[in-house]
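Okay, so here's the structure we're looking at.
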Amino acid sequence: MAKHVRLCRIEEVPAGTVKAVGLEGREFAVFNVDGRFYVANDRCPHEGAPLSTGCLEGERISCAWHGATFHVPSGKTLEPPAGEKMGPPVDRGLTTYRTRVSGEELEVELEGE
């Protein structure tokens, strides 16, 4: 069963920014894309770079280490790292989570234990 857990106050993540939030032993990246909030694991699936240090442009986040680019709402890979461009694309995408705003708080939906 899913549970909703408080991540942060919505004012902590202004539009056009990303914030790292630790919760229950996990690291999440919280994105604010034009007032819409998205949450993903804060690790690039390529080599584990923190995505919260990457460049957010609209709905795209680019990894600071190797330039992999992801579509924030869906988590899909848009551009793999340079080393993977020579072979067939491998879409490891981001692990994304459902969110909801409750008053002034942003909550993430996690699978219950």
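Note that the numbering runs from 1 along the sequence shown for the chain.
Taking the charged nitrogens against the carboxylate oxygens, Glu109 and Arg100 have no contact shorter than 4.0 Å, which rules out a salt bridge. A salt bridge between Lys3 and Glu107 is absent, with no side-chain N of the basic residue lying under 4.0 Å from a carboxylate O of the acidic one.
With values rounded to the nearest 0.5 angstrom, Arg60 atom CZ is found 5.5 Å from Glu79 atom CD. A distance of 10.5 Å separates CG in Leu51 from CG in Leu56, rounded to the nearest 0.5 Å. Cys8 SG to Glu104 CD: the interatomic distance, rounded to the nearest 0.5 Å, is 11.5 Å. Note that OG1 of Thr69 is 9.0 Å distant from CD1 of Ile61, once rounded to the nearest 0.5 Å. Atom CH2 of residue Trp65 and atom NE2 of residue His46 lie 10.5 Å apart, to the nearest 0.5 angstrom. How far NE2 of His4 is from CG of Leu106: 10.0 Å, rounded to the nearest 0.5 Å.
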* To do: Go through Arg26 and Tyr97 one step at a time and tell me if the side-chain contact (heavy atoms from CB on, under 4.5 Å) criterion holds.
  => CA-CA 13 Å; Arg26 301 184 217 183; Tyr97 301 86; 4.1 Å; yes
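One hydrophobic cluster, built from ILVMFWY side chains closer than 4.5 Å, holds both Val21 and Ile10. Both Leu7 and Leu110 are assigned to one and the same hydrophobic cluster, defined by single-linkage of ILVMFWY side chains at heavy-atom distances under 4.5 Å.
The two atoms that bring Tyr38 and Thr99 nearest to each other are C-CG2, 4.3 Å, heavy atoms only.
Heavy-atom contacts from other residues, nucleotides or ligands closer than 6.0 Å to CD of Glu57 number 12 or fewer.
Side chain of Thr77 to main chain of Gly93: a donor-acceptor pair is present (N/O by atom type, distance under 3.5 Å, no hydrogens or angles). The backbone N or O of Ala29 lies less than 3.5 Å from no partner atom in the side chain of Ser52, so there is not a single donor-acceptor pair. Between the side chain of Asn41 and the backbone N or O of Thr95 there is no donor-acceptor pair closer than 3.5 Å.
Residues in residues 34-45 take part in these salt bridge (Lys or Arg N to Asp or Glu O under 4.0 Å) pairs, two or more places apart or across chains: Arg36-Glu59.
With contacts defined as side-chain heavy-atom distances shorter than 4.5 Å, the pair Val18/Val30 does not qualify. For the pair Leu23 and Phe28, the minimum side-chain heavy-atom distance is below 4.5 Å.
Annotation: side-chain hydrogen bond (donor to acceptor under 3.5 Å, both in side chains) contacts of Glu105 (sequence neighbours excluded): Arg6, Arg9. Ala40 is linked by a side chain to side chain contact (heavy atoms under 4.5 Å, CB included) to Phe31, Leu94, Thr96, counting only residues two or more places apart in sequence or in another chain.
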